Amino acid sequence: MVEPYTILKVMGPYREPRESALSFDYSVQRPHWATPQGVRVKIALEEELDLLKTKILQLAGGTVGQQLRINQLLGRAIADRKLEIANEENLFNDRRDVMLDPFTGTWAHLFPRLEAWMHQERDGLRQEITDKVGL
């Protein structure tokens with residue numbers, strides 16, 4: 001059974017030291033928890049972010065500032081979806097701090113669901129980038 005949760009706050013993206021990844025820190029609350037819990041979601045730059053940005057959305061060009069904003073928007077969208085997938089897989093049902101690594105290596109079995117979402121949301125993500133970044 002998938003339990004509901006509420007995202008109270010999101011901070012990031014942060015560049016992970018010694019890793020080719022960005023991360024977002026979520027404060028998550030479930031109805032039966034007395035206090036929120038922390039969940040860090042990591043996004044692999046090449047395998048997840050660049051796949052969406054260059055191969056699926058085929059985005060190119062723009063100023064440095066526009067590229068930074070695109071990375072922020074797409075990174076957050078990926079992190080939100082990864083959190084949903086983790087919830088569907090019951091990866092943070094118990095109340096404790098959780099780290100969701102990139103969906104590579106030991107987490108690779110979850111990557112097809114993320115990639116399917118990328119293809120499904122392609123047009124909506126393109127429109128959001130057009131509206132917010134002007135690219």
Side-chain angles (χ1 to χ4, degrees):
M1 182 177 123
V2 177
E3 292 190 42
Y5 65 93
T6 303
I7 298 172
L8 301 177
K9 188 172 186 175
V10 181
M11 296 175 48
Y14 302 107
R15 183 76 160 98
E16 286 292 320
R18 297 176 295 283
E19 290 183 60
S20 181
L22 295 176
S23 65
F24 288 83
D25 291 337
Y26 288 79
S27 178
V28 178
Q29 177 72 50
R30 290 206 191 268
H32 62 279
W33 290 346
T35 60
Q37 104 180 35
V39 179
R40 175 166 281 184
V41 180
K42 291 184 181 180
I43 300 159
L45 292 176
E46 288 183 25
E47 296 88 349
E48 295 171 341
L49 183 60
D50 283 347
L51 171 72
L52 177 59
K53 183 176 159 183
T54 60
K55 293 187 177 146
I56 296 174
L57 296 177
Q58 298 176 343
L59 297 174
T63 66
V64 173
Q66 286 174 318
Q67 288 300 315
L68 177 63
R69 186 68 180 127
I70 289 168
N71 288 345
Q72 290 171 336
L73 290 170
L74 295 180
R76 173 67 191 272
I78 292 169
D80 286 351
R81 179 60 188 141
K82 287 176 76 168
L83 191 65
E84 290 172 12
I85 292 170
N87 186 49
E88 292 165 6
E89 293 289 318
N90 299 315
L91 297 177
F92 64 98
N93 280 352
D94 298 327
R95 196 189 162 280
R96 61 180 181 273
D97 291 341
V98 175
M99 174 92 64
L100 297 176
D101 286 322
F103 287 177
T104 59
T106 58
W107 294 80
H109 65 284
L110 298 174
F111 184 77
R113 291 170 62 185
L114 180 64
E115 186 175 18
W117 169 85
M118 289 176 181
H119 288 285
Q120 179 183 347
E121 295 297 319
R122 177 178 48 219
D123 294 336
L125 291 170
R126 274 195 192 126
Q127 187 61 48
E128 182 179 4
I129 289 168
T130 300
D131 294 345
K132 293 184 178 177
V133 181
L135 187 66

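Please read all numbers here as calculations on a predicted model, not as lab measurements. What's counted below: heavy atoms across the whole structure, side chains too, no hydrogens, waters or symmetry copies.
- Qualifying side chain to side chain contact (heavy atoms under 4.5 Å, CB included) partners for N87, counting only residues two or more places apart in sequence or in other chains: V2, Y5, R30, F92, N93.
- Taken to the nearest 0.5 Å, the CG atom of L49 stands 8.0 Å off from the CE atom of M118.
- L83 and W33 fall within the same hydrophobic cluster, defined by Ile, Leu, Val, Met, Phe, Trp and Tyr side-chain heavy atoms under 4.5 Å apart, directly or through other members.
- Remark: R126 CZ to L59 CG distance equals 7.0 Å, nearest 0.5 Å.
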Run the side-chain contact (heavy atoms from CB on, under 4.5 Å) test on Q67 and V64 for me, step by step, so that the C-alpha distance in whole Å, both residues' side-chain angles and the decisive distance to 0.1 Å come before the verdict. CA-CA 5 Å; Q67 288 300 315; V64 173; 5.8 Å; no
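- Sorted by first and then second residue, the pairs that involve residues 45-66 and meet salt bridge (charged side-chain N to carboxylate O under 4.0 Å, His left out), not counting sequence neighbours, are E48-K82.
- Note that the CG atom of D25 and the NZ atom of K42 stand 10.5 Å from one another [nearest 0.5 Å].
- Scored by the side chain to side chain donor-acceptor pair (under 3.5 Å) test, E84 finds R81 as partners (sequence neighbours excluded).
- Between the CD1 atom in I70 and the CG atom in L57 there is a gap of 9.0 Å [rounded to 0.5 Å].
- Residue pairs that meet the ring pair (Phe, Tyr, Trp, His ring centres under 6.0 Å) test with at least one member in residues 107-135, sequence neighbours left out, do not exist here.
- With sequence neighbours excluded, the residues satisfying side chain to side chain donor-acceptor pair (under 3.5 Å) with R113 are E88, E89.
- Going from atom CG of L74 over to atom CD1 of I43 covers 9.5 Å, rounded to the nearest 0.5 Å.
- In this view, A21 and E16, E19 satisfy the side chain to side chain contact (heavy atoms under 4.5 Å, CB included) rule, not counting sequence neighbours.
- Residues I7 and V41 fall within the same hydrophobic cluster, defined by Ile, Leu, Val, Met, Phe, Trp and Tyr side chains chained together at heavy-atom separations under 4.5 Å.
- At a threshold of 4.5 Å between non-hydrogen side-chain atoms, the residues L110 and L100 do not count as touching.
- The two residues G12 and F24 make their nearest non-hydrogen contact at C-CE2, 3.7 Å.
- The two residues Q66 and V133 come nearest to each other via the heavy atoms NE2-O, 3.4 Å.
- Residues V98 and L91 fail the side-chain proximity criterion, which asks for heavy atoms closer than 4.5 Å.
- Screening residues 60-77 for salt bridge (charged side-chain N to carboxylate O under 4.0 Å, His left out) gives R76-D80 as the qualifying pairs, with residues at least two apart or on separate chains.
- Cluster partners of M11 are Y14, counting Ile, Leu, Val, Met, Phe, Trp and Tyr whose side-chain heavy atoms approach within less than 4.5 Å, directly or via other members.
- Using a 4.5 Å heavy-atom cutoff, the side chains of L45 and R15 are in contact.
- Taking the side chain as every heavy atom from C-beta outward, L52 and L125 approach each other to under 4.5 Å.
- Evaluation of the side chain to side chain donor-acceptor pair (under 3.5 Å) rule for D131 yields Q127 as partners, not counting sequence neighbours.
- K9 pairs by the side chain to side chain donor-acceptor pair (under 3.5 Å) definition with nothing, not counting sequence neighbours.
- With sequence neighbours excluded, no residue forms a salt bridge (charged side-chain N to carboxylate O under 4.0 Å, His left out) with E3.
- In this structure, CG on L51 lies 4.0 Å from CD1 on I56, to the nearest 0.5 angstrom.
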